[in-house]
Amino acid sequence: QKEVEQNSGPLSVPEGAIASLNCTYSDRVSQSFFWYRQYSGKSPELIMSIYSNGDKEDGRFTAQLNKASQYVSLLIRDSQPSDSATYLCAVLSGSARQLTFGSGTQLTVLP
Amino acid sequence: DAGVTQSPTHLIKTRGQHVTLRCSPISGHKSVSWYQQVLGQGPQFIFQYYEKEERGRGNFPDRFSARQFPNYSSELNVNALLLGDSALYLCASSPTPGLAGGEQFFGPGTRLTVL
């Protein structure tokens, strides 16, 4: 079983819609969770971090965390073509508290 | 303030050669982590350094080594290159590993191609 799993995608949504990205993790003691956005040919860019159960909102982005279900999600409201990218879920874990990434979900927002 | 910088941007090597990749963290950050990202996958953890000491190592062979300098910059060395080492090598900077939430900020990466 992979340590961090994401819905494989690719995911396509029309402009203005809500994009929903999901992630599950296996390490129950993980405390810190991140979403990175990666444009093609570029490096990952941190867009959200979440540490407590519940929702965290930042502009058009909402991260949701449920530690009991070992589930974290990212909602993008009013999706724009510029949101088209691969979204990586990352969990802080391990003895060095390094990031463990999922394989990413490719999102395309159609104009 | 400048972000994380990495050099070189691109590199082409042949099998069996050695490569050194360099990284400078964000000013004030004392921890550097290295990740390898192959096409279609998420980054995989290679090393983490803090205050010049290795804090963690991922599941990579001994051909991979790294070090951190007193100014907190870092080098990643890979010996006896294999075709499978072709990847984007990412350096991430954080203030202190595992504390304050553990946010890590990535540099632009070094694209290594092994022929």
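Quick note on labels: first sequence line is chain A, next is B, and so on, each numbered from 1.
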When the ring planes of [X] and [Y] are compared, do they come out parallel, tilted or perpendicular, using 30° and 60° as the limits?
X	Y	answer
B:Tyr35	A:Phe101	perpendicular
A:Phe34	A:Tyr51	perpendicular
B:Phe105	B:His29	tilted

Is there a side-chain contact between [X] and [Y] (heavy atoms, below 4.5 Å)?
X	Y	answer
A:Met48	A:Tyr87	no
B:Ser33	A:Leu99	no
A:Tyr25	A:Thr100	no
A:Ser49	A:Lys56	yes

So CG of B:Leu88 and CG of B:Leu39: to nearest 0.5 Å the spacing works out to 10.0 Å
So what's closer than 4.5 Å to chain A heavy atoms on B:Glu54: side chain, backbone, both or neither?
neither
Given B:Gln104, which partner from the list B:Ser31, B:Cys91, B:Ser94, B:Ser93 fulfils the side chain to side chain contact (heavy atoms under 4.5 Å, CB included) test?
B:Ser94
Structural part of A:Leu88 lying under 4.5 Å from a heavy atom of chain B:
side chain
Structural part of A:Gln31 lying under 4.5 Å from a heavy atom of chain B
neither
Residues of residues 73-83 of chain A with any heavy atom under 4.5 Å of a heavy atom in chain B
none
Going by atom types alone, do A:Asn7 and A:Thr105 pair a side-chain donor with an acceptor below 3.5 Å?
yes
What residues of residues 66-79 of chain B sit under 4.5 Å from chain A when only non-hydrogen atoms are counted?
none
Looking only at heavy atoms and a cut-off of under 4.5 Å, which of B:Gly109, B:Pro43, B:Gly40, B:Gly107 has the most pairs with chain A?
B:Pro43
Indicate yes or no: does B:Asp85 engage B:Arg63 in a salt bridge with an N to O separation below 4.0 Å.
yes
